[in-house]
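To start, the structure itself, in structure tokens.
Computed from heavy atoms alone, side chains included, the values below leave out hydrogens, waters and symmetry copies.
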Amino acid sequence: MTNMTNLTDHGIGLVVLDMAGTTVADGGLVEQAFSRAAERLGVEPGSADHEKKLDYVRATMGESKITVFRALFGDEETAQRGNAAFETAYAELVDGGRCAPLPGAAETIGRLRADGRTVVLTTGFSRTTQDAILDALGWRDIADLTLCPADAGRGRPYPDLVLAALLRTGAADDVREIAVAGDTSYDMLCGRRSGAALVAGVLTGAHDEAALREAGATHVLASVADLPDALAGLTAATGAGRQR
């Protein structure tokens, strides 16, 4: 249960949302793009090495992709080649029409902004890949700001993306006026380390409820469409607590 005494009187002013798996349907695109990139680096599809590396990709969903390639392939030159190949493969899949918003995601973002909250979309992808997704969906203006790891310093599980969203927008006076939502353990760790009051895991992406809660989720939601109601409940509970 969330500790309501940690919330300020101003409520949630900044909402930081992940993209793939949270607001955007992944549909296995990350795994497919990784497989194409790994093959270009000499990893045989279907081999034990391929499966081992793919398991690592699944476990670290949400992390900066260049960081993943560094962990898997060791030297920087190979990691950079792998990451570039991944970006190319992912862009090809997106350009092929393999990218769609999750049900209710656009409406949720609109509702949050209509309620006076600032919405920032974040990703573990590079800016090139993030922009390809935004363009494919027609989402260039859907949020107040979009951020990738290069914009913040470090990617998830570090708190940099959330803190950069706060510093860039000035939408909250306190980290306890921030809500974070994502579909991976790394999203939850990022949110908790940033000090956000609400860190919601959604069940539309990579990780299940047990993994999300173990990583520190304060709430687990069926989808991001449930987030406005969760925020309303949080605000109501905080108000009730102050009246006692």
Inset, instruction - Please say whether more than 12 non-hydrogen atoms of neighbouring residues, nucleotides or ligands are located less than 6.0 Å from CZ in Phe73. - result: yes
Show the atom names and distances, to 0.1 Å, of all donor-acceptor pairs under 3.5 Å that link a side chain in residues 92-99 to residues at least two apart or in another chain.
unit_1, atom_1, unit_2, atom_2, d
Glu92, OE1, Arg36, NH1, 3.3
Arg98, NH1, Gln32, OE1, 3.4
Arg98, NH2, Gln32, OE1, 3.3

Legend entry - Connected hydrophobic set around Val180, excluding itself, where side chains approach under 4.5 Å: Leu14, Val16, Val120, Leu145, Leu147, Leu161, Val162, Leu163, Leu166, Val175, Ile178
Inset, instruction - Search all heavy atoms of Gly21 against all heavy atoms of Thr204 and return the closest pair with its distance. - result: O-OG1, 2.7 Å
Legend entry - Crowding at CD, Glu51 (>12 non-hydrogen neighbours, <6.0 Å): yes
Legend entry - Residue list, side-chain contact (heavy atoms from CB on, under 4.5 Å) with Ser185, at least two apart or on another chain: His207, Ala211, Ala215
Legend entry - Pairwise distance CZ(Arg213) to OG1(Thr218) - rounded to 0.5 angstrom: 8.5 Å
Legend entry - Pair Asp131 + Arg140, salt bridge at N-O below 4.0 Å: yes
Inset, instruction - For Phe125 and Gln130, work out which heavy atoms get closest and say how close. - result: CB-N, 4.3 Å
Inset, instruction - Starting at CG of Asp187, measure out to CD of Glu63 and round the result to the nearest 0.5 Å. - result: 11.5 Å
Inset, instruction - Identify, with sequence neighbours excluded, every residue that meets side-chain contact (heavy atoms from CB on, under 4.5 Å) alongside Asp141. - result: none
Inset, instruction - Evaluate the side-chain proximity of Val30 to Arg58: yes if any heavy-atom separation is below 4.5 Å, no if none is. - result: no
Legend entry - Sequence-distant partners of Thr122, side-chain hydrogen bond (donor to acceptor under 3.5 Å, both in side chains), two or more places apart: Arg156
Inset, instruction - For residues 20-42, pull every pair meeting ring pair (Phe, Tyr, Trp, His ring centres under 6.0 Å), keeping only residues two or more places apart or in separate chains. - result: Phe34-Phe69
Inset, instruction - Look at the side chain of Thr184 and the backbone N and O of Met61, then say whether any donor-acceptor pair between them is shorter than 3.5 Å. - result: yes
Legend entry - Hphob cluster co-occupancy, Leu137 + Val119, side-chain heavy atoms under 4.5 angstrom: yes
Legend entry - Thr78 and Arg70, any side-chain heavy atoms less than 4.5 Å apart: no
Inset, instruction - Quick one: list whatever passes side-chain contact (heavy atoms from CB on, under 4.5 Å) with Glu39, sequence neighbours left out. - result: Pro45
Legend entry - Heavy-atom side-chain proximity of Pro101 to Val24 below 4.5 angstrom: no
Legend entry - Test side chain to side chain contact (heavy atoms under 4.5 Å, CB included) applied to His219 and Leu227, step by step: CA-CA 9 Å; His219 297 66; Leu227 183 59; over 6 Å; no
Legend entry - No-hydrogen, no-angle side-chain donor-acceptor test under 3.5 Å, Ser126 and Glu87: yes
Legend entry - Those residues that, when tested against Asp26, pass side-chain hydrogen bond (donor to acceptor under 3.5 Å, both in side chains) (two or more places apart): none
Inset, instruction - Please determine if Asp49 and Lys52 form a salt bridge, counting it only when a charged side-chain N lies under 4.0 Å from a carboxylate O. - result: no
Inset, instruction - Taking the side chain as every heavy atom from C-beta outward, state whether Leu203 and Ser223 have any atom pair closer than 4.5 Å. - result: no
Legend entry - Transitive ILVMFWY cluster of Tyr186, excluding itself - 4.5 Å side-chain cut-off: Leu189
Legend entry - Heavy-atom closest pair, residues Leu54 and Ser35: CD1-OG, 4.4 Å
Inset, instruction - Check whether any side-chain heavy atom of Trp139 sits under 4.5 Å from a side-chain heavy atom of Thr23, and report yes or no. - result: yes
Inset, instruction - Find the distance between SG (Cys148) and CG (Leu121) and round it off to the nearest 0.5 Å. - result: 12.5 Å
Legend entry - Heavy-atom side-chain proximity of Val68 to Val57 below 4.5 angstrom: yes
Inset, instruction - Following the transitive rule for hydrophobic clusters with a side-chain heavy-atom cut-off under 4.5 Å over Ile, Leu, Val, Met, Phe, Trp and Tyr, establish whether Leu102 and Leu17 coincide in one cluster. - result: no
Legend entry - Minimal non-hydrogen separation, Leu212 against Met188, with atom names: O-CG, 3.7 Å
Inset, instruction - Taking the side chain as every heavy atom from C-beta outward, state whether Glu44 and His50 have any atom pair closer than 4.5 Å. - result: no
Inset, instruction - Would you please test Arg113 and Val15 for side chain to side chain contact (heavy atoms under 4.5 Å, CB included) and show each step? - result: CA-CA 9 Å; Arg113 296 182 74 189; Val15 181; over 6 Å; no
Legend entry - Asn83 side chain vs Ala79 backbone, donor-acceptor pair below 3.5 Å: no
Inset, instruction - Using the test side-chain hydrogen bond (donor to acceptor under 3.5 Å, both in side chains), find all partners of Arg193 that sit at least two apart in sequence or belong to another chain. - result: none
Inset, instruction - Go through the structure and list residues passing side-chain hydrogen bond (donor to acceptor under 3.5 Å, both in side chains) with Gln80, not counting sequence neighbours. - result: Glu76
Legend entry - By side-chain contact (heavy atoms from CB on, under 4.5 Å) - contacts of Asp229 (at least two apart): Arg111
